[in-house]
4 protein chains.
Amino acid sequence: MSLRERKAAKKKEDILRSASLVISRKGYHNATMEDIAAELLMTKGSLYYYFKNKEELLYRCHDLILSEAMKKMEEILSQEISSAKKMEMAIKFHLEVAIREKEIFNLIVKPEQIFSKEHLGEIVEKRAEYAEVFDRIIDEGVSKGEFSIEQKKMARMIILGATNWVQVWHSPEGEYSNEKIEEIYAAYLLKMLV
Amino acid sequence: MSLRERKAAKKKEDILRSASLVISRKGYHNATMEDIAAELLMTKGSLYYYFKNKEELLYRCHDLILSEAMKKMEEILSQEISSAKKMEMAIKFHLEVAIREKEIFNLIVKPEQIFSKEHLGEIVEKRAEYAEVFDRIIDEGVSKGEFSIEQKKMARMIILGATNWVQVWHSPEGEYSNEKIEEIYAAYLLKMLV
Amino acid sequence: MSLRERKAAKKKEDILRSASLVISRKGYHNATMEDIAAELLMTKGSLYYYFKNKEELLYRCHDLILSEAMKKMEEILSQEISSAKKMEMAIKFHLEVAIREKEIFNLIVKPEQIFSKEHLGEIVEKRAEYAEVFDRIIDEGVSKGEFSIEQKKMARMIILGATNWVQVWHSPEGEYSNEKIEEIYAAYLLKMLV
Amino acid sequence: MSLRERKAAKKKEDILRSASLVISRKGYHNATMEDIAAELLMTKGSLYYYFKNKEELLYRCHDLILSEAMKKMEEILSQEISSAKKMEMAIKFHLEVAIREKEIFNLIVKPEQIFSKEHLGEIVEKRAEYAEVFDRIIDEGVSKGEFSIEQKKMARMIILGATNWVQVWHSPEGEYSNEKIEEIYAAYLLKMLV
DNA sequence: GATGAATGAGACTTCATTCAT
DNA sequence: AATGAATGAAGTCTCATTCAT
């Protein structure tokens, strides 16, 4: 990759980070292209040099975050540790991401209200892949006898629902540190599984 | 209340039900006043006879649903049954509402992105009140020795997060009936509490 | 049709006439929705109450003019007169329309540069129908021995091309009156046919 | 002219040919500077090294085509042949150009919708000069007794209108070859003149 | 009470043009 | 000479809201 290309790639990522921030703060519909551009001291026209339109921009935000998260999850999956430990790590990491990327994770809630057909399929698929990580840990735990769960899908839904929800109430000024929250969530949700 | 007033009140409620429906289907931002009016075979102008503006309309939707739910919750609270049974009933009922009123419950997720200051305070307060129901059941259960939970707030967050999340993935054509889902959720979440 | 509906229909037609005017003056691409609205002392938003979008507006302009013209042409066709007389009348009338509705007729020149697939088919079809009027007169004239033309299609193309072109150079302040122009065109083009 | 200058001149002409092509295909308003540059594997910024702006670029396109055509027409004019033969050649050649340079010829239709005052005068003048070629042939033919036409201007308008119009319906896949079309047009239009 | 019509603010998007490198 | 990047003006369209009837 040439210097130029690397610069452009960097810029694209900068935009994505900024956009994530603004969208998280205001919500997708309330975040205008102008807002996003202003955050970067750009003009909205410039955004269109890098991204086809607002949806595309959002799609890339989502993709970036999800891809990074997925990589980490796979690393967790491949470690030689107990299923319980894996689940603990997965829950903690998922909480981290959910807290950091509030809206981006949240807006995936109803992708069909935001994304056109062009992206919808891929998004749903990637999300499913991500969710599967939890399925696999549960499966593994059950087969190893660590977990005693019959309704694996539902257990996964409960875990993801509970953890995704933190974005709703979480505030940096809250009583608990992020680590503490992660600790408690992991402990309680594991209690449900064993 | 005069006949006229009762008629108007009835109409208002009709509008609220319709609005809830449309908003649940399309999301707040995608549901136009026209959409809502169309559902009732009205024109959008008429809506303004009953409600000051879109926000007001939404606010009343939210209020209606929450008030009804609250009434039911208080009834549950006041029964002479074990805390576990209460929690089971509360979870099941909350799931019912969440499934039925998808978006309305969901949009409360980030009220500050939708509501102006005028309503925000009251909304936050009412939601807190509702959430407190779960706190009270947990408290009661702990003091009666039915539950063994140290982090009561977090436990409540997990329960509400998990249950609110059903709207995201629930589909009427899904594999499980609503009753089955409620059953499993209650069982698993209780397992976490005891 | 109720009074309301008639009023609305009238308004729609007013808009179409105004739009035709503005578009004729400035050309389709240079005529903004604001321009068109201003001509009617409206705001651009209002136009969208009557027409879905700019293309739709243009499509209706075109349709209105062509339908009216077609009606007249059919009347000419059905008269009991010589083919030469028919052609004379058709040419004169076509010139009248072309002069009056400059741009609208002209923009049909390359419909595919303006219209989406939705309308393109119908437009092409209607235009073909209109052009066919001339074919039928020529056919009739040839079979009656009034015209001596082998390449009927080409003759029609020449006639339509020549007459459509008047919009390009015609000016109300020109040396010749419209009637005079029509007279000459009809005479010369008939000379070509006989 | 230095090598550098000749190189630049060549490049300018390349750009003009490409621009003509793209504009012919898409129409002036739909052809973006980017489209034109892409055809040449350039970037749009570079176009501005050679031409002040889009209008200038178009103006030069027009000028190039018209100048070349004019040269050929003068050659025709100066030959020692009958006026009918001259007219035949002029019509055929004009058709050739019109078919080849579709849009460029067509967009001249309403120069005032595209060109600023700076260029408008010159354009109108050059076009008049070109049109005059036909006037001169007609004049000559009339004075030599080959043509019997009273309204010379109108006859010229008919000829130019008819021939310019071919761009509207002409398609490379059409039934008739270009030569055949030219043959027929020339024959029929001459029939009108004699 | 209801509605058809109108409004205007604001959003997204396009694109000719500029300019530093 | 060329280009990648940025800009800003302008245009289309949406929609909550208002209001006369």
Side-chain angles (χ1 to χ4, degrees), chain A residues 2-5 7-8 11-12 15 28-37 40-57, chain B residues 4 7-8 11 28-37 40-58, chain C residues 2-5 7-8 11-12 15 29-37 40-57, chain D residues 4 7-8 11-12 28-37 40-58:
Chain A
S2 75
L3 177 64
R4 267 271 155 72
E5 284 170 320
K7 255 189 174 170
K11 185 90 192 186
K12 269 195 175 189
I15 295 175
Y28 178 66
H29 280 104
N30 292 101
T32 69
M33 289 300 265
E34 195 135 29
D35 291 335
I36 295 170
L40 286 144
L41 305 179
M42 286 175 135
T43 56
K44 58 184 162 172
S46 310
L47 293 180
Y48 287 88
Y49 183 76
Y50 296 96
F51 299 96
K52 204 169 99 236
N53 54 32
K54 197 180 174 185
E55 191 199 324
E56 173 83 13
L57 179 55
Chain B
R4 175 172 302 167
K7 254 190 174 172
K11 186 89 191 183
Y28 178 66
H29 280 103
N30 294 101
T32 70
M33 291 297 268
E34 194 131 33
D35 290 335
I36 295 169
L40 287 144
L41 306 179
M42 288 177 134
T43 56
K44 59 181 165 176
S46 312
L47 293 179
Y48 287 85
Y49 183 79
Y50 296 97
F51 299 95
K52 205 171 96 226
N53 53 32
K54 196 180 174 185
E55 190 200 326
E56 173 83 13
L57 178 56
L58 180 66
Chain C
S2 78
L3 177 64
R4 268 270 154 74
E5 286 171 317
K7 256 190 175 170
K11 186 89 191 185
K12 269 194 174 190
I15 294 175
H29 280 105
N30 293 101
T32 70
M33 289 301 266
E34 196 135 30
D35 291 335
I36 295 170
L40 287 144
L41 306 178
M42 288 176 133
T43 56
K44 59 186 161 170
S46 310
L47 293 180
Y48 287 87
Y49 182 76
Y50 295 97
F51 299 95
K52 203 168 101 238
N53 53 31
K54 197 181 172 186
E55 192 199 325
E56 173 83 13
L57 179 55
Chain D
R4 175 173 298 163
K7 255 190 174 171
K11 188 88 190 185
K12 271 193 178 190
Y28 179 66
H29 281 104
N30 293 99
T32 70
M33 289 299 265
E34 195 132 32
D35 291 333
I36 294 169
L40 287 143
L41 306 178
M42 289 176 132
T43 57
K44 57 181 165 174
S46 312
L47 294 180
Y48 286 86
Y49 182 79
Y50 296 97
F51 299 95
K52 206 172 94 224
N53 53 31
K54 195 181 175 185
E55 191 200 326
E56 173 83 11
L57 178 55
L58 180 66

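Keep in mind that what you see is a predicted model, and the values were worked out from it rather than measured. Just so it is clear: chains get the letters A, B, ... in the order the sequence lines come, proteins before strands, and each one is counted from 1.
- Shortest non-hydrogen contact noted between Tyr48(C) and Asn53(C) is CE2-CA, 3.9 Å.
- Rounding to the nearest 0.5 Å places CG of Asn30(B) at 4.5 Å from NE2 of His29(A).
- Contacts between residues 40-53 of chain A and DNA chain F, counted as heavy-atom distances below 4.0 Å, involve Met42(A), Thr43(A), Gly45(A), Ser46(A), Tyr49(A), Tyr50(A).
- In this structure Asp35(C) satisfies the side chain to side chain donor-acceptor pair (under 3.5 Å) test together with Lys26(C), Thr32(C), sequence neighbours excluded.
- Between Glu34(D) atom CD and dA2(F) atom P there is a gap of 17 Å when expressed in whole angstrom units.
- Taking the 5' to 3' direction, DNA chain E first and last meets chain B under 4.0 angstrom from a heavy atom at dG1(E) to dG4(E).
- The distance from the CD1 atom of Ile36(C) to the CE atom of Met33(C) is 6.0 Å, given to the nearest 0.5 Å.
- By the side chain to side chain contact (heavy atoms under 4.5 Å, CB included) test, Lys12(D) pairs with Tyr50(D), Phe51(D), sequence neighbours left out.
- Taking for each of Ala31(D) and Met33(A) the nucleotide of DNA chain E with the nearest heavy atom, the 5'-most of the two is the partner of Met33(A).
- Listed by first and then second residue, the salt bridge (charged side-chain N to carboxylate O under 4.0 Å, His left out) pairs involving residues 45-55 of chain A are Lys52(A)-Glu118(A) (not counting sequence neighbours).
- Across the protein-nucleic acid pair, His29(D) atom NE2 and dT12(F) atom C1' stand 15 Å apart, rounded to whole Å.
- Qualifying side chain to side chain contact (heavy atoms under 4.5 Å, CB included) partners for Ser46(A), counting only residues two or more places apart in sequence or in other chains: Met42(A), Thr43(A).
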*Map every base of DNA chain F to its dot-bracket character, where paired means a Watson-Crick or G-U wobble contact with both distances under 3.5 Å and | marks a partner outside the strand.*
.||||||||||||||||||||
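- One finds the NZ atom of Lys7(D) at 9.0 Å from the CZ atom of Arg4(D) (value rounded to the nearest 0.5 Å).
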